[in-house]
Amino acid sequence: ILASILSLIIYWTIRDRYRVRNLNGKHVFITGCDTGLGNSLAKWLDKKGFCVIAACATEKGSQELRRRSSLSLKTVNLNLADSNSIARAVVFVTEQTAGKGLFGLVSNAEGTAPVGPTDWLRIEDFHSVLDVSLLGLIEITLKLLPLLKKAEGRVVNLINAKGLMAFLGGGYSLSKWGMEAFSDTLRIEMRHFGVKVSIVEHGFFKAEEVNSDIIEKYLFKLWNRLTPEIRDSYGEKYL
């Protein structure tokens, strides 16, 4: 037993000391880099020496990130709810990698999340989240798989752990659970090509703390559009 424990300690020590070498020329594409975790990761990997391609939803986000990074970091505008925008981003990544393939894809996206009872929601409320945080991420992953296979790269899907507890109606938890399932099946399939697929379940960050005013705004917006029959069935006390 002691020998087994000692072997495990040695194994984990060696494994945790392993680092990727020769970072020059290794391209990493990251989505959701305007703010928060994606933004911090893009700057950190840039300092480490990776060739970072950061996708931002706004031009302001792109400019701010470039201002705080090295000249090697490139940005591209990306709307994950728009297939044409995804296609343009894939072309940009293909041009930047110049035949080398893609070393890493980091998927990070937080769709707008109307918060409220399922009975208060419409199908478009689900689309507003799932089109970005699930279907959009799946689509760009599928289109980048040829580049990932060429470099025997890796896919890292960042999934907020609070989305794995379904206690509110809407598409938020659905998108997180969906990305878990997509990642698990993709991991098995891509092993044949030497592509690694990982999930990082992270917790709260100060930049992502939920603003109670925003939640209240969503609730009243949903409440005000309900039919009188549904409002009466819940009552003001429930609200």
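For the numbers below, each heavy atom of this structure counts, side chains included, while hydrogens, waters and symmetry mates do not.
In this structure, R187 pairs ionically with D184, as a charged nitrogen and a carboxylate oxygen lie closer than 4.0 Å. Salt bridge status for E139 with K143: present, with a side-chain N to carboxylate O gap under 4.0 Å.
The shortest distance between side-chain heavy atoms of S133 and Y172 does not fall below 4.5 Å. With a 4.5 Å cut-off on side-chain heavy atoms, F50 and H27 do not count as touching. Side-chain contact check for V28 versus C51: every heavy-atom pair is 4.5 Å or farther apart.
Residues forming a ring-ring contact (aromatic ring centres under 6.0 Å, His included) with W120 (at least two apart in sequence, or on another chain): W223, Y234.
Alongside L6, the hydrophobic cluster contains I10, I14 (criterion: ILVMFWY side chains under 4.5 Å).
Annotation for F220: atom CZ does not count as buried by contact number, only 12 or fewer foreign heavy atoms lying within 6.0 Å. The 12-atom threshold is exceeded at CG of D232, counting heavy atoms of other residues, nucleotides or ligands nearer than 6.0 Å.
In the model, N157 has a side-chain atom that pairs as donor or acceptor with a side-chain atom of S183 under 3.5 Å.
Considering R66, R68, K60 as possible partners of E64, the one that fulfils the salt bridge (Lys or Arg N to Asp or Glu O under 4.0 Å) test is R68.
At a threshold of 4.5 Å between side-chain heavy atoms, the hydrophobic network of Ile, Leu, Val, Met, Phe, Trp and Tyr places L71 and V52 in two separate groups.
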Show me, pair by pair, the donor-acceptor contacts under 3.5 angstrom made by side chains of residues 88-100, not counting sequence neighbours?
{"residue": "T94", "atom": "OG1", "partner": "V90", "partner atom": "O", "Å": "2.8"}
{"residue": "T97", "atom": "OG1", "partner": "V93", "partner atom": "O", "Å": "3.0"}
{"residue": "T97", "atom": "OG1", "partner": "T94", "partner atom": "O", "Å": "3.1"}

